[in-house]
Amino acid sequence: MKVRLPDGKEIELKEGATARDLAEALGGRWKKEAVGAIVNGELYDLMKPLPEGAEVRLITRKDPEFQHLFRHTLAHVLAQAVREFFQQKGYPPDSVKLGVGPVIEHGFYYDIDAPEPISDADLPAIEEIMRDILRRDLPLRRYELPREEALARYQGKDRYKVALIQDIPEGEPISFYEQEGFTDLCRGPHVPRTGLIPPHFKLTHVAGAYFKGDANNPQMQRVYGVAFRSKEELKDYLWQLEEAKKRDHRRLGRELELFLIDPMVGKGLILWLPKGNVIREELIRFMREEQTKRGYQLVTTPHIGSLELYKTSGHYPYYAESQFPPMELEDEAYLLKPMNCPHHIRIYAAKKRSYRELPLRLAEFGTVYRYEQSGELHGLTRVRGFTQDDAHIFCTPEQVKEEFKAVIELTLHVFDTLGLKDFRARIGTRAPGSDKYVGDDAHWALAERQIQEAASEMGLSYTVEEGDAAFYGPKLDFVVKDALGREWQLGTIQVDYNLPERFAITYTGPDGEPHRPVMIHRAPFGSIERFLGILIEHFAGEFPLWLAPVQAAIVPIAERHHPYAERVRAALGAAGLRVEADLRSERMQAKIRDWETRKVPVILVVGDREAEEGTVALRDRRRKVRGVFPLAEVVADLKARVDGRKLE
RNA sequence: GCCGGCGUAGCUCAGCGGUAGAGCAACCGCCUCGUAAGCGGUAGGCCGCCGGUUCGAAUCCGGCCGCCGGCUCCA
């Protein structure tokens, strides 16, 4: 057989040759240094046979792809170590069964069915065994088996591997990797010897994980690890993790007194403290202004609705398990509202509508309640009661695309104003064959097409994810990552042909006949709680001036400056700024430190000179002394920055 | 909901079978100071809750509640 090298040279190798055979044929440093290969753009190890005529580039430990190889092998080393760990405890080797063990962003994990729970306390011991396996420098061997033989090997002994083999598509090779008697079904690729793995790894935590991600399957124990090429990279990663934890909105929420979750009130229910509520109100005000500019009208509806309403909308039977149960009294039943749309639809339906009224855009900062599973609750980002910056646009089928694009524009404007640059757009479509959706196929197909067209025409790049649609229609979501790298959905825009149908709402067209409107459900923030949670982490608590709960603190140097500090406070306050004068009996240095820790954007120091000249000494939270300015100038400047919603 | 871990003062944490501790914050007093912590004092605890083991439990065991990390779910 022949393969082609990056320089175009063709090399003749024996049938079934591997990258190792190639490295040996090339000789020289390749023989010693090759650890894998890129074959037709795909990462191969030294053990896997090369396809005829392949383009092959050998890689060494210096290439970035090496990381993938050793992380994958580390997963196997972990599995072997766990097996040894339990053997030391007196269990037979086959008492430890294995699920999958892939490479992930910073390392790897392995799903393990062990005879005893693995706890965090066991990790150092398991790590030590892993290091020993690295020191033993074990060679890895790869081989393939026919499907029948592979199945026979595990039949009746290991249901996980049997299931995994059955999942391998017909025609694909079924390969195994083995080191020192430890064999695992695996597609590869791996490093050729465990001694090549850099010892810069760490097992981080254990978690439960259902086999194949299906809650009907048994739960295995997933051991997570991180691994890098150098000690520095590992150290950096762990340091960054610590830094990220300082941005955690749950921590900052407490430190900056923004919000509270009190078990006595109930889990997943947010108590907004005065400082946090300032931010919340500013965000709402911002959104209200932007929506008014774009032709929205505000409405207000109650927190509950009759069960009949939700039976008509379809919420009740379809999502009963994620709602608080109905409240029944006398012969009526009510539901805490999980969504605002049915109420808005009834506002639409309250009178005969003309095509001339459309698009009708009804907006509400509506608070909804959903019964989220307890294990899923998370600070502000997953709660049981939250306020949506919700609106429903009722329009003609012809208006859908333009309206949809206008909402994309609004959402991008909001993100831009707040400096949120790191997000992705995701279109959620219906999963074929699922019964959790309402409405007919033609409408779904049309809506899915309209969303994609609108997104493309707005120059948005997006991914399409099947099965991510709402039960009544497909949607476009804006997704961001929090400080610790978890993804959260913020803004959402959904096209809905179904609820208008279920509520039988109409408008009178130019032809005098009734027509069915289309609804667009949309919320640029998504949930104000979640959005603010993300925003806290995005700004690390250092909010831009217009959002900062306290915009400026005045620090008098000595007690004799208190009257002037008061005057400065009054001047800023009169301009509508949120300002506090610090008249405590403390040293100026201590006061500055306090306001810095509270992440107040502006500190104004006043002493003899300032009082005399009518100036203030300006200092911002990035520890910069900006100089001395006339009071009136500072007031005007701060006011302009607030009004312009500047990011600084 | 499931698996694992953790609950000690408002916060961060020590103590881990034998009389509940520190720093910060709070409160009181002294100090009046030029850009990140002045000094002294006072108060603050059903050691998450319930039960068990023990002469004796913050400490050991069990259940519950809450939180944390994942998994599943997610309008």
Side-chain angles (χ1 to χ4, degrees), chain A residues 109 111 113-114 117-123 204-224 245 248 250-251 254-255 257 260-264 266-268 310 313-315 318-319 321-323 337-341 368 370-379 382 386 388 390 428 436-437 467-473 475 477 484 486 488-489 492 494 496 499 521 523 526-527 555-562 584-597 603-610 617-621 623-626 628:
Chain A
Y109 69 74
D111 285 346
D113 178 359
I118 301 170
S119 88
D120 291 351
D122 297 327
L123 298 183
T204 51
H205 56 288
V206 192
Y210 298 105
F211 178 59
K212 294 207 291 182
D214 184 339
N216 300 311
N217 285 337
Q219 196 165 44
M220 309 186 81
Q221 299 185 76
R222 178 171 295 177
V223 180
Y224 284 90
K245 283 181 186 164
D248 190 315
R250 293 164 299 184
R251 174 182 177 147
R254 186 177 55 236
E255 288 175 357
E257 299 185 342
L260 196 68
I261 299 170
D262 179 1
M264 195 173 213
K267 48 184 172 183
Y310 295 104
S313 70
H315 289 102
Y318 280 95
Y319 284 93
E321 77 287 354
S322 48
Q323 290 161 186
K337 73 175 173 190
M339 289 181 109
N340 302 302
C341 27
V368 296
R370 300 179 186 180
Y371 191 81
E372 299 290 348
Q373 298 183 82
S374 62
E376 197 47 50
L377 298 173
H378 185 93
R382 173 73 92 242
F386 57 95
Q388 295 178 312
D390 209 358
K436 64 177 199 173
Y437 306 101
D468 263 350
F471 79 89
Y472 47 73
K475 56 179 187 164
D477 293 331
L484 290 165
R486 311 165 179 109
W488 298 99
Q489 174 200 317
T492 181
Q494 311 168 355
D496 179 5
L499 289 182
H521 307 240
S527 133
V555 172
I557 289 171
E559 211 168 303
R560 65 177 180 281
H561 308 122
H562 284 193
R584 293 174 303 160
S585 159
E586 277 295 345
R587 291 177 66 220
M588 178 193 75
Q589 285 83 344
K591 292 181 186 179
I592 288 173
R593 179 176 189 278
D594 283 352
W595 292 107
E596 292 282 0
T597 0
I603 296 174
L604 303 172
V605 178
V606 295
D608 290 329
R609 204 167 76 222
E610 289 78 14
L618 187 72
R619 184 187 210 283
D620 78 19
R621 83 190 134 201
R623 295 196 191 187
K624 269 182 267 164
V625 181
R626 287 276 197 77
V628 178

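In what follows, chains are A, B, ... by sequence order, proteins preceding strands, each numbered from 1.
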Please give, in whole Å, the distance from [N] [atom2] to [X] [atom1]?
{"X": "A:Glu586", "N": "B:C28", "atom1": "CD", "atom2": "C1'", "value": "13 Å"}
{"X": "A:Gln388", "N": "B:C74", "atom1": "CD", "atom2": "P", "value": "17 Å"}
{"X": "A:Ile603", "N": "B:G34", "atom1": "CD1", "atom2": "C1'", "value": "14 Å"}
{"X": "A:Ile557", "N": "B:U35", "atom1": "CD1", "atom2": "C1'", "value": "8 Å"}
{"X": "A:Ile592", "N": "B:C33", "atom1": "CD1", "atom2": "P", "value": "15 Å"}
{"X": "A:Leu377", "N": "B:C68", "atom1": "CG", "atom2": "P", "value": "9 Å"}
{"X": "A:Tyr437", "N": "B:C74", "atom1": "OH", "atom2": "C1'", "value": "12 Å"}
{"X": "A:Arg587", "N": "B:U32", "atom1": "CZ", "atom2": "P", "value": "12 Å"}

If you look at every strand shown and take non-hydrogen atoms under 4.0 Å, does [X] touch a base, only sugar-phosphate, or nothing?
{"X": "A:Asp608", "result": "base"}
{"X": "A:His378", "result": "sugar-phosphate"}
{"X": "A:Arg560", "result": "sugar-phosphate"}
{"X": "A:Arg584", "result": "nothing"}
{"X": "A:Gln489", "result": "nothing"}
{"X": "A:Tyr224", "result": "sugar-phosphate"}
{"X": "A:Arg222", "result": "sugar-phosphate"}

>> When you compare the side chains of A:Asp608 and A:His561, does any donor N or O come within less than 3.5 Å of an acceptor on the partner?
In response: yes
[X] side chain N/O closer than 4.0 Å to the phosphate oxygens (OP1, OP2) of [N]?
{"X": "A:Arg382", "N": "B:C73", "value": "no"}
{"X": "A:Arg486", "N": "B:G70", "value": "yes"}
{"X": "A:Arg250", "N": "B:C68", "value": "yes"}

In the strands shown, is [N] matched to any nucleotide by a Watson-Crick or G-U wobble pair with both distances under 3.5 Å, and which?
{"N": "B:C47", "answer": "none"}
{"N": "B:U42", "answer": "B:A26"}
{"N": "B:C2", "answer": "B:G70"}
{"N": "B:U59", "answer": "none"}
{"N": "B:U35", "answer": "none"}
{"N": "B:C13", "answer": "B:G21"}

Can you check the distance between [N] and [M], where both ends of the measurement are the [atom1] atom (answer in whole Å)?
{"N": "B:G63", "M": "B:C68", "atom1": "P", "result": "22 Å"}
{"N": "B:C67", "M": "B:A26", "atom1": "P", "result": "28 Å"}
{"N": "B:A9", "M": "B:C71", "atom1": "C1'", "result": "36 Å"}
{"N": "B:C46", "M": "B:C31", "atom1": "C1'", "result": "41 Å"}
{"N": "B:C60", "M": "B:U8", "atom1": "P", "result": "15 Å"}
{"N": "B:C50", "M": "B:A58", "atom1": "P", "result": "12 Å"}
{"N": "B:C39", "M": "B:C33", "atom1": "C1'", "result": "13 Å"}
{"N": "B:G17", "M": "B:G52", "atom1": "C1'", "result": "15 Å"}

>> Any non-hydrogen side-chain atom of A:Val206 less than 4.5 Å from a side-chain atom of A:Ser119?
In response: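 No, too far: nothing below the 4.5 Å cut-off.
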> Between A:Asp113 and A:Gln221, is any pair of side-chain heavy atoms under 4.5 Å apart?
Replying inline: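 A side-chain contact is absent here, since even the closest heavy-atom pair is not under 4.5 Å.
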>> If I compare all heavy atoms of A:Ala470 with all of A:Tyr437, which pair ends up nearest, and what's the gap?
In response: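 Residues A:Ala470 and A:Tyr437, closest heavy atoms: O-CD2, 3.6 Å.
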>> Going by side chain to side chain contact (heavy atoms under 4.5 Å, CB included), A:Val605 matches just one of A:Ile557, A:Val628, A:Leu618. Which one?
In response: A:Ile557
> For RNA chain B, whose closest nucleotide is more 5', that of A:Gly607 or that of A:Gly213?
Replying inline: A:Gly607
>> With nearest nucleotide decided by heavy atoms, which residue, A:Met588 or A:Ser585, maps closer to the 5′ end of RNA chain B?
In response: A:Ser585
> What distance do A:Glu596 atom CD and A:Arg621 atom CZ have between them, rounded to the nearest 0.5 Å?
Replying inline: 9.0 Å
> Between A:Lys475 and A:Asp468, does at least one N-O distance fall below 4.0 Å, as a salt bridge requires?
Replying inline: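 Judged by the 4.0 Å cut-off on N to carboxylate O distance, A:Lys475 and A:Asp468 do not form a salt bridge.
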> For A:Lys212, which residues count as a side chain to side chain donor-acceptor pair (under 3.5 Å) partner, sequence neighbours excluded?
Replying inline: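 By the side chain to side chain donor-acceptor pair (under 3.5 Å) rule, A:Lys212 matches A:Asp167.
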> Hey, what's the ring geometry for A:His315 with A:Tyr472, parallel, tilted or perpendicular (30° and 60° as the breaks)?
Replying inline: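 If you compare the ring of A:His315 with that of A:Tyr472, the planes turn out perpendicular.
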> Taking the six-membered ring for Trp, are A:Tyr224 and A:Tyr109 ring centroids under 6.0 Å apart?
Replying inline: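 Between A:Tyr109 and A:Tyr224, which both carry aromatic rings, the centre distance is below 6.0 Å.
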>> One character per nucleotide, please: for nucleotides 1-14 of chain B, 5' to 3', B when the base has a protein heavy atom closer than 4.0 Å, S when only the sugar-phosphate does, - otherwise.
In response: BBBSS-----SS--
